[in-house]
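For the single chain, residues carry numbers from 1 onward in sequence order.
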Amino acid sequence: MTATTRTLASGPGWHVADVICTAGAGDRPFEEAHRDFCIAAVTSGTFRYRAQQGTGMMAPGALLLGNSGTCYECGHEHGSGDRCLSFHFKPVYMERIIAGVPGASTLAFEAPRLPPLPALAPLLAEAEAAREMADKGAFEELSLRIAAAAVATVSGATSTRRGPSRRDQKRVAEAVRRIELDADGPVSLSTLADETATSPYHFLRIFRQVAGMTPYQFLLKTRLHRAALRLRLSADAISAIAFDAGFNDMSTFNRRFRRVMGQTPGDYRASRSGRIVIRAPKARRDAL
């Protein structure tokens, strides 16, 4: 085997995988098939991708585009190895994404790839960071955003920024209440979209317009706020507070809490009594 595939996150109609290939110039390409629609972000290495739509040289920052049910092959005659974040979508799910992209209508990619584009760089960096941080919860929204961006770019569709309708505002308000009610448990984008009778991508778009952040960002904000309040008002163990708030592991909780609050959970709790917590610089701590 010249490639290893590790599933990072999945849901009804979609999944994302970390694909590491070790093939080199001496490995003969062989034909494979896209079972679903595929949009793969190259994060390192180069390779040649040949598909029904044509042939393209893939490099970091490029997006490989694959149509469901079509054959393809990859070659590494110019260098060994590559790594990709590979997003996969069932045709029915992809149809719903396309329906939410203004101006897009064709359920097929006509090009084999998108080159590294400055407009896509921040989104791809966000996806790679989610991979490195093992942030499973972020990938449902990231998969939709990357698919919609690829579809819009390939089709030449332009976004018409009209304000959200009253109906859309009502949908978002209902979703916000739902998140607040169930913030300590799993709340998926697909579930929220189904409950408001919209496609996942349309729901994500209107939620960002109305709330100023994505549903996942609002969920994390709610969880961190509740954890911070409990740290202030109770003597419960920090681990219990983290798990009760909906975080599955302490490292994720500590990292997110410090990023938002500017302190570790322990330091934040200590500051409630008026004590000032002073941390020595890392080099000095190491010497102690």
Side-chain angles (χ1 to χ4, degrees), residues 7-11 16 126-145 169-196 200 203-204 206-288:
T7 299
L8 301 175
S10 63
V16 58
E126 192 176 340
E128 192 168 352
R131 179 187 66 190
E132 298 307 310
M133 295 171 61
D135 191 354
K136 294 183 179 180
F139 276 115
E140 184 176 17
E141 291 181 358
L142 283 168
S143 68
L144 284 170
R145 291 167 62 194
Q169 292 178 23
K170 181 176 182 294
R171 285 166 168 160
V172 172
E174 291 172 350
V176 165
R177 287 194 293 268
R178 167 79 150 81
I179 293 172
E180 289 182 318
L181 184 65
D182 299 324
D184 56 347
V187 181
S188 74
L189 178 64
S190 296
T191 299
L192 292 172
D194 288 343
E195 290 178 352
T196 56
F203 174 76
L204 174 61
I206 63 171
F207 194 101
R208 292 178 72 187
Q209 282 184 290
V210 175
M213 63 184 72
T214 71
Y216 184 59
Q217 289 168 342
F218 183 80
L219 174 64
L220 289 177
K221 181 194 74 69
T222 302
R223 287 174 173 174
L224 288 171
H225 174 78
R226 291 180 180 179
L229 187 62
R230 194 168 161 192
L231 284 167
R232 289 284 190 181
L233 300 178
S234 79
D236 297 336
I238 293 177
S239 58
I241 292 174
F243 291 124
D244 289 348
F247 293 93
N248 294 324
D249 65 86
M250 285 300 297
S251 61
T252 299
F253 173 67
N254 288 331
R255 184 171 58 246
R256 292 196 177 282
F257 193 96
R258 184 168 187 170
R259 181 183 300 171
V260 173
M261 299 297 183
Q263 295 177 293
T264 66
D267 289 352
Y268 182 82
R269 165 172 275 174
S271 68
R272 72 178 179 177
S273 61
R275 297 199 306 270
I276 299 176
V277 180
I278 300 176
R279 293 287 183 183
K282 186 178 187 300
R284 183 183 172 190
R285 291 203 310 268
D286 292 343
L288 294 178

How far does [atom1] of [X] sit from [atom2] of [Y], to the nearest 0.5 angstrom?
X      : Y      : atom1 : atom2 : answer
Asp182 : Thr222 : CG    : OG1   : 11.5 Å
Ile238 : Phe243 : CD1   : CZ    : 12.0 Å
Lys221 : Thr214 : NZ    : OG1   : 12.0 Å
Arg230 : His225 : CZ    : NE2   : 14.0 Å
Glu141 : Leu219 : CD    : CG    : 9.0 Å
Phe139 : Tyr216 : CZ    : OH    : 10.0 Å

(request) For Ser190 and Glu140, test the side chains for any donor-to-acceptor distance below 3.5 angstrom and give the result as yes or no. (result)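 There is such a pair (donor and acceptor under 3.5 Å, judged by atom type) between the side chains of Ser190 and Glu140.
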(request) Indicate whether the side chain of Asn254 and that of Ser251 have a donor and an acceptor atom separated by less than 3.5 Å. (result)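 Their side chains do not contain a donor-acceptor pair, so the 3.5 Å distance test is not met.
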Please determine if [X] and [Y] form a salt bridge, counting it only when a charged side-chain N lies under 4.0 Å from a carboxylate O.
X      : Y      : value
Glu174 : Lys170 : yes
Arg177 : Glu180 : no
Arg223 : Asp184 : no
Glu195 : Arg171 : no

(message) Let's go through Thr7 and Val16 carefully: what are the C-alpha distance in whole Å and the side-chain angles of both, what is the deciding distance for side chain to side chain contact (heavy atoms under 4.5 Å, CB included) to 0.1 Å, and is it a yes or a no?
(response) CA-CA 6 Å; Thr7 299; Val16 58; over 6 Å; no
To check you understand the geometry: which heavy-atom pair defines the closest contact between [X] and [Y], and what is its length?
X      : Y      : result
Pro200 : Leu144 : CB-CD1, 3.6 Å
Lys136 : Leu8   : CG-O, 3.4 Å
Arg226 : Ala183 : NH1-CB, 3.6 Å
Leu231 : Ile241 : CD2-CD1, 3.7 Å
Phe253 : Ala227 : CE1-CB, 3.7 Å
Ser234 : Arg269 : O-NH2, 3.0 Å

(request) Could you tell me whether the side chain of Thr252 and the main chain of Asn248 form a donor-acceptor pair under 3.5 Å? (result)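 No; zero donor-acceptor contacts below 3.5 Å.
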(message) Can you confirm if the NZ or CZ of Arg256 lies within 45° of the ring axis of Phe247 and under 6.0 Å from the centre of its six-membered ring?
(response)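 Checked: cation-pi criterion not met.
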(message) With a sphere of 6.0 Å drawn around CG of Asp244, does it hold more than 12 non-hydrogen atoms of other residues, nucleotides or ligands?
(response)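 Yes, CG of Asp244 has more than 12 neighbouring heavy atoms, counting only those of other groups under 6.0 Å.
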(request) State, yes or no, whether a side-chain contact exists between Ile179 and Leu192 at a heavy-atom distance under 4.5 Å. (result)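 The answer is yes; the side chains approach within 4.5 Å.
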(request) Begin with the C-alpha distance, continue with both residues' side-chain angles, and end with the deciding distance and a verdict on side chain to side chain contact (heavy atoms under 4.5 Å, CB included) for Phe203 and Asp194. (result) CA-CA 9 Å; Phe203 174 76; Asp194 288 343; over 6 Å; no
(message) Gln217 vs Leu220, test: side chain to side chain contact (heavy atoms under 4.5 Å, CB included). Steps then yes/no.
(response) CA-CA 5 Å; Gln217 289 168 342; Leu220 289 177; 5.8 Å; no
(request) Begin with the C-alpha distance, continue with both residues' side-chain angles, and end with the deciding distance and a verdict on side chain to side chain contact (heavy atoms under 4.5 Å, CB included) for Ser271 and Arg232. (result) CA-CA 9 Å; Ser271 68; Arg232 289 284 190 181; 3.6 Å; yes
